[in-house]
Amino acid sequence: MLDINLIRNQPELVKEGLRKRGEDPSIVDEVRELDAERRKLLHQVEQLRAERNRVSKRIPKIQDPQEREAKIQAMRELGERLKALEARLREVEDRLWERMAWIPNLPAPDVPVGEDESANVVVKQWGELPEFDFTPKPHWDLGPQIGIVDFERGVKMSGTRFFVLRGWGAKLQRALIQWMLDLHVEKHGYQELYPPFMVRERVIFASGQLPKFRDNLYHDAEEDYWWVPTAEVPLTAYHMDEILREEDLPLRYTAYTPCFRREKAAAGRDVRGMKRLHQFDKVEMYAYTTPEQSEAELQKMLRDAEETCQLLGLPYRVVQLCTGDLGFAARKTYDVEVWAAGVGEWLEVSSVSNVGDFQARRANIRYRPKEGGRPRYVHTLNGSGLGLPRVFIAIVENYQQPDGSIVVPQVLRPYMGVDVIPGSG
RNA sequence: GGAGGGAUGGCCGAGUGGACGAAGGCGGGGGACUUGAAAUCCCCUGUGGGCCUCGGGCCCACCGCGGGUUCGAAUCCCGCUCCCUCCGCCA
């Protein structure tokens, strides 16, 4: 949610931000009109209330019964007028907040301007692309061949975009989750949380998934439960409606959750293999900071994501998203993409974003400054650390050998118990 | 699924129609005392919004949420949500 004061006082700035994103800026005028209407009504309502309060306080002290009755009668009439005005005020306010909820965050000033992903900027590349003296197989061939992935039975049970991991495949995924969590906790300073995977609608709204991305979410038809599309959702809501202490910031959390997405917007895309699934696993990093800390925290979180790739020996590049490609809540985002030799593509395994106070407003998360004074909204940041299926793909494809066996990256060996995943069954 | 209890400020906890934005305590800030600290004592300390003759004053809202009754609601009524306890059921 944007600050209504910003929209009121600097509409051109807000419009410019929306234009850079490729959004229609006319919503700004719409909101400003509603806001003006709301303030006008609010003023009238408050004046009537003030009068009612003033007179009502005096009524019990009036001795003369006639005068008393006259005042009561007058207040009765005032009450009627007030009620009508209040109803109109409520209506305008509802419309105002409904509209506000659809406005995305504004891009940070240093985000490259561009229409879509073609304007994203590769800011860094790390590692050598692996070379093969044979043709490396894509995971959708190699996985079933050596019996670590079973797409057919996944589809049998649940349809397209579902899969089954078997044996070493299942263990590789489990090892990755465990190792990543340990890394973030022991080396990067995050605290591990295990949150609910189903949350209330209010929580989904707080992180900015609703109202705009309703189509991408699974939810219970009978009860108010929504399946999390990312751990970012429960990690945002963890401190919902709280006032934190500045001394405790930054607060860093990491969590493993499955993620559930309907992928309606990507219908028909990436249907082969495990690049895009209705259910996938992810380890997430999350931070709450002061406004002053958030840019440095963004850089730290990006380094943490990068280091995760480095330790796995996966070549990657860092892409800064342009204004047109930013997510709804983000003001600045870096994607980390690893090279997958079998499919011959860079695959996004992490997206690290500074959200500013956008989610904090929705979730009502503030902190009390050290020197005292009024609470301020925190800044929040989120980043994948990392998304599992694509890391799985890159490992399987980059570390494959001619006989179909897969060399296990050093850091995972203690978790796997073997150095090589055998090339048969 | 059944029965009951509850939701008040950063936290705990009083308050059953007007003097309650709300006692008391804790926490926080300032001061006195002290060589320093502790203890003790004194003072201050909710959030959001609006107005003004703006380092001060005034107004409005907020006691889970939404309605209602009333001149007037934290307090009465209705609906909802959430939390807790016990029983049952399932593990």
Side-chain angles (χ1 to χ4, degrees), chain A residues 1-10 31-98 100-101 195-206 210 219-226 234 237-249 251 288 290 357-378:
Chain A
M1 202 76 96
L2 294 183
D3 184 355
I4 184 69
N5 288 303
L6 188 68
I7 296 173
R8 188 147 63 216
N9 301 327
Q10 293 176 266
V31 163
R32 291 188 78 216
E33 276 166 35
L34 285 168
D35 178 51
E37 173 81 1
R38 170 180 161 265
R39 283 156 63 90
K40 201 183 87 198
L41 286 169
L42 186 63
H43 186 72
Q44 294 172 1
V45 162
E46 288 193 349
Q47 288 210 318
L48 285 183
R49 282 175 181 161
E51 189 186 344
R52 184 185 67 186
N53 290 349
R54 208 176 320 116
V55 175
S56 290
K57 204 172 277 184
R58 280 213 326 268
I59 284 179
K61 299 187 185 94
I62 297 175
Q63 301 298 324
D64 176 20
Q66 253 181 349
E67 187 190 341
R68 200 181 143 108
E69 192 45 50
K71 289 290 183 205
I72 288 176
Q73 185 56 37
M75 287 308 101
R76 213 172 269 157
E77 282 157 19
L78 184 146
E80 291 306 312
R81 268 190 296 150
L82 183 57
K83 198 175 285 183
L85 269 178
E86 282 173 335
R88 276 182 59 202
L89 176 61
R90 251 198 315 278
E91 206 178 293
V92 170
E93 279 186 338
D94 287 350
R95 284 222 309 278
L96 175 61
W97 302 134
E98 199 278 330
M100 292 270 292
F197 302 161
M198 295 150 79
V199 296
R200 301 194 174 119
E201 181 170 333
R202 158 99 206 276
V203 166
I204 294 272
F205 176 84
L210 283 179
H219 69 100
D220 188 294
E222 283 159 18
E223 296 185 77
D224 184 22
Y225 290 128
W226 296 69
Y238 186 63
H239 286 298
M240 190 165 71
D241 293 326
E242 292 183 22
I243 297 177
L244 307 171
R245 307 184 327 150
E246 180 172 359
E247 296 87 306
D248 297 331
L249 302 178
L251 281 170
Y288 298 77
T290 65
D357 62 9
F358 190 82
Q359 289 173 329
R361 284 179 192 283
R362 290 179 165 231
N364 187 29
I365 306 167
R366 294 166 295 170
Y367 72 96
R368 197 171 294 283
K370 256 189 252 153
E371 62 275 18
R374 308 165 68 197
R376 304 167 69 198
Y377 286 109
V378 297

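The sequence lines fix the lettering, A, B, ..., with proteins before strands; numbering per chain opens at 1.
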Problem - Nearest-Å distance once atom C1' is located in both B/rC84 and B/rU75 - result: 23 Å
Handout entry: Distance, rounded to the nearest Å, where A/Glu46 contributes CD and B/rC58 contributes P
Key = 16 Å
Exercise for the section: Quickly work out the A/Ile365 CD1 to B/rU47 P distance and round it to whole Å. Expected result: 18 Å
Practice task
For A/Glu69 and A/Gln73, test the side chains for any donor-to-acceptor distance below 3.5 angstrom and give the result as yes or no.
Solution key: no
Exercise for the section: Using atom types as modelled and distance alone, determine if a side-chain donor or acceptor of A/Arg362 lies under 3.5 Å from a backbone N or O of A/Ala101. Expected result: yes
Practice task
Round to a whole Å and report the spacing from CD of A/Gln47 to P of B/rC51.
Solution key: 12 Å
Exercise for the section: Please measure how far the C1' atom in B/rU47 lies from the corresponding atom in B/rC11, and state the result in whole Å. Expected result: 16 Å
Practice task
Could you tell me whether A/Arg8 contacts a base, only the sugar-phosphate backbone, or nothing, with contacts defined as non-hydrogen atoms closer than 4.0 Å?
Solution key: sugar-phosphate
Problem - Rounded distance (Å) that lies between atom P of B/rC62 and atom CG of A/Leu42 - result: 12 Å
Exercise for the section: Could you tell me whether the phosphate oxygens of B/rG18, OP1 or OP2, come under 4.0 Å of any side-chain nitrogen or oxygen in A/Arg58? Expected result: no
Practice task
In whole angstrom, give me the gap between the C1' atoms of B/rC52 and B/rA37.
Solution key: 48 Å
Between N or O atoms, less than 3.5 Å apart, protein on one side and nucleotides 67-69 of chain B on the other: list the pairs.
| residue | atom | partner | partner atom | Å |
| --- | --- | --- | --- | --- |
| B/rG67 | OP1 | A/Arg90 | NE | 2.9 |
| B/rG67 | OP1 | A/Arg90 | NH1 | 3.1 |
| B/rU69 | OP2 | A/Lys83 | NZ | 3.0 |

Problem - Rounded distance [0.5 Å steps], CG in A/Leu85 versus NZ in A/Lys40 - result: 10.0 Å
Handout entry: Nearest-0.5 Å distance that lies between atom OG1 in A/Thr290 and atom CG in A/Leu244
Key = 11.5 Å
Problem - Lys/Arg N to Asp/Glu carboxylate O, A/Glu33 vs A/Arg95, below 4.0 Å - result: no
Exercise for the section: May I ask you to evaluate whether A/Asn53 reaches the phosphate of B/rA61, defined as a side-chain N or O under 4.0 Å from OP1 or OP2? Expected result: yes
Handout entry: Nearest heavy atoms of A/Met75 and A/Arg52, plus distance in Å
Key = SD-CA, 3.8 Å
Handout entry: Pairwise C1' distance for B/rU8 and B/rC82, with rounding to whole Å
Key = 16 Å
Exercise for the section: Provide the distance between the two P atoms, one in B/rC54 and one in B/rU34, to the nearest whole Å. Expected result: 44 Å
Handout entry: Salt-bridge criterion met for A/Asp35 and A/Arg32 (N-O under 4.0 Å)
Key = no
Problem - Dot-bracket pairing map - RNA chain B, Watson-Crick plus G-U, both contacts under 3.5 Å, | cross-strand - result: ((((((((.[[[..)..(.....]]]((((((.......))))))(((((((...))))))).[[[[[..)....]]]]])))))))....
Handout entry: Closest listed nucleotide, where the reference is the side chain of A/Arg49 and the choices are B/rC60, B/rC71, B/rC82
Key = B/rC60
Exercise for the section: Select base, sugar-phosphate, or nothing to describe what A/Arg202 touches, counting heavy atoms under 4.0 Å on all strands. Expected result: nothing
Exercise for the section: Using a cut-off of 6.0 Å, state whether more than 12 heavy atoms not belonging to A/Gln66 lie near its atom CD. Expected result: no
Exercise for the section: Using a cut-off of strictly less than 4.0 Å, decide whether A/Arg52 has a side-chain nitrogen or oxygen near OP1 or OP2 of B/rC71. Expected result: no
Problem - Nearest-Å distance for atom pair CG/C1', residues A/Asp241 and B/rG48 - result: 14 Å
Practice task
Mind checking A/Arg54 for me? I need base, sugar-phosphate or nothing, with any heavy atom below 4.0 Å counting as a touch.
Solution key: nothing
Problem - Separation of atom CG in A/Asn364 from atom C1' in B/rG46, rounded to whole Å - result: 14 Å
Handout entry: Distance in Å, A/Arg361 CZ paired with A/Met100 CE, rounded so as to fall on 0.5 Å steps
Key = 8.0 Å
Practice task
Nearest-nucleotide wise, let me know which of A/Met75 and A/Asp224 is further upstream toward the 5' end of RNA chain B.
Solution key: A/Met75
Problem - Side-chain N,O (A/Arg39) to OP1/OP2 (B/rG50) below 4.0 Å - result: yes
Practice task
For B/rC58 and B/rC43, measure between their C1' atoms and round to the nearest Å.
Solution key: 25 Å
Fill in the blank from the handout: Assert: residue with more 5' nearest nucleotide on RNA chain B, out of A/Val55 and A/Pro60, is A/Pro60
Problem - B/rC63 to B/rG10 separation - C1' atoms, rounded to the nearest Å - result: 16 Å
Completion exercise
Against the side chain of A/His43, the closest entry in B/rC71, B/rA61, B/rG50 is B/rG50
Exercise for the section: Would you check, one step at a time, whether the test side chain to side chain contact (heavy atoms under 4.5 Å, CB included) holds for A/Met1 with A/Phe205? Expected result: CA-CA 10 Å; A/Met1 202 76 96; A/Phe205 176 84; 3.9 Å; yes
Completion exercise
Among the nucleotides B/rC83, B/rG49, B/rG18, whichever has the atom closest to the side chain of A/Arg200 is B/rC83
Problem - Greater than 12 external heavy atoms within 6.0 Å of A/Phe197's CZ - result: yes
Handout entry: Over 12 non-hydrogen atoms of neighbours within 6.0 angstrom of CZ in A/Arg88
Key = no
Completion exercise
Heavy-atom closest pair (A/Glu37 atom, A/Val92 atom, distance to 0.1 Å) is CG-CG2, 3.7 Å
Handout entry: Interatomic distance, A/Arg38 CZ vs B/rG48 C1' [rounded to whole Å]
Key = 10 Å
Each nucleotide N or O in nucleotides 10-13 of chain B that has a protein N or O under 3.5 Å away: list the pair and distance.
none

Problem - N or O in side chain of A/Arg374 less than 4.0 angstrom from B/rG48 OP1/OP2 - result: yes
Handout entry: Rounded distance in Å between the P positions of B/rA19 and B/rG72
Key = 14 Å
Handout entry: From A/Arg68 atom CZ to A/Arg58 atom CZ, the distance as rounded to the nearest 0.5 Å
Key = 12.5 Å
Exercise for the section: Using atom OH of A/Tyr225 as one end and atom P of B/rU81 as the other, report the distance to the nearest whole Å. Expected result: 12 Å
